[in-house]
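Please read all numbers here as calculations on a predicted model, not as lab measurements. Chain letters run A, B, ... following the sequence lines, proteins first, then strands; residues in each count from 1.
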Amino acid sequence: MRYWLMKSEPSDVSIDDLASMPDQTVAWYGIRNYQARNFMRDQMRVGDQVFFYHSSCEQPGIVGIAEVSKLAYPDATQFDPGSKYFDPKATPENPRWFNVDVRLVKKTRLVGIKELRGHPELASMRTLQTGNRLSITPVDPAEWNFVVGILK
DNA sequence: GCCAACGTTGGC
DNA sequence: GCCAACGTTGGC
């Protein structure tokens, strides 16, 4: 089993939005970065554990734990001309973008980016590196366990 | 709103 | 295949 960190803008889908979804599950649509897509399409498996992270907001940080509940499948928004995620180069026969489904495991306290950066144990966490622009990043088991430890 | 960082695009 | 221009991300 792998561990991941997935960023979402709370103005788009917040942890509370996720909690109120049917089955507390959401399709992780709208990823238009190849590396992030490849993580979902090639590496994510049902049961993988995910830190749900709020980005581009007043208090960026980890706000919950979720899990992959469905393997990657074509992202429906790429075929929708009315969507801002529409991709004219994608066809149902040749989809370009994929997403997994993610289900809430539990909300946690907010562990802000500043707090995360304050722990030397997390110094090499992908998402904390300057210039990191990936919205989906792998998390080392040691990092995962450390963060779970400070959540309490 | 600023801006550093970096991915993508497209002309050559 | 190079690389300049452009767009986007995301913390501050």
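- Side-chain nitrogen and oxygen atoms of K7(A) include at least one within less than 4.0 Å of the OP1 or OP2 phosphate oxygen of dG10(C).
- Mapping K89(A) and Q35(A) onto DNA chain B by nearest heavy atom places Q35(A) at the nucleotide closer to the 5' end.
- Between the CE atom of M6(A) and the CG atom of L134(A) there is a distance of 11.5 Å, given to the nearest 0.5 Å.
- In this structure, F79(A) and P92(A) have side chains that are in contact, with non-hydrogen atoms separated by less than 4.5 Å.
- Distance from the side chain of R133(A) is smallest to dC6(B) among dG10(C), dC12(C), dC6(B).
- Residue N38(A) contributes atom CG, which lies 10 Å from atom P of dT8(B) at whole-angstrom precision.
- Taking atom CZ on R32(A) and atom P on dT9(B), their separation rounds to 12 Å, with Å as the unit.
- The separation between Y85(A) atom OH and dG7(C) atom C1' is 15 Å, rounded to whole Å.
- Out of dG11(C), dG10(C), dG7(B), the shortest distance to the side chain of N33(A) is found at dG7(B).
- The interatomic distance linking I31(A) (CD1) with dT8(C) (P) rounds to 15 Å, in whole Å.
- Rounding to whole angstrom units, CD of residue E58(A) and C1' of dG1(B) are separated by 15 Å.
- In this structure, Q59(A) atom CD and dG10(C) atom C1' are separated by 16 Å, rounded to whole Å.
- Other residues, nucleotides and ligands contribute more than 12 heavy atoms inside 6.0 Å of the CD atom of E115(A).
- Regarding E9(A), its CD atom lies at a distance of 13 Å from the P atom of dT8(C), rounded to whole Å.
- Formation of a donor-acceptor pair under 3.5 Å by the R96(A) side chain with backbone atoms of D87(A) is not found in this model.
- Taking atom NZ of K84(A) as the reference point, atom C1' of dG7(C) lies 14 Å away to the nearest angstrom.
- Listed nucleotides: dT8(B), dG11(C), dA5(B). Nearest to the side chain of Y34(A): dT8(B).
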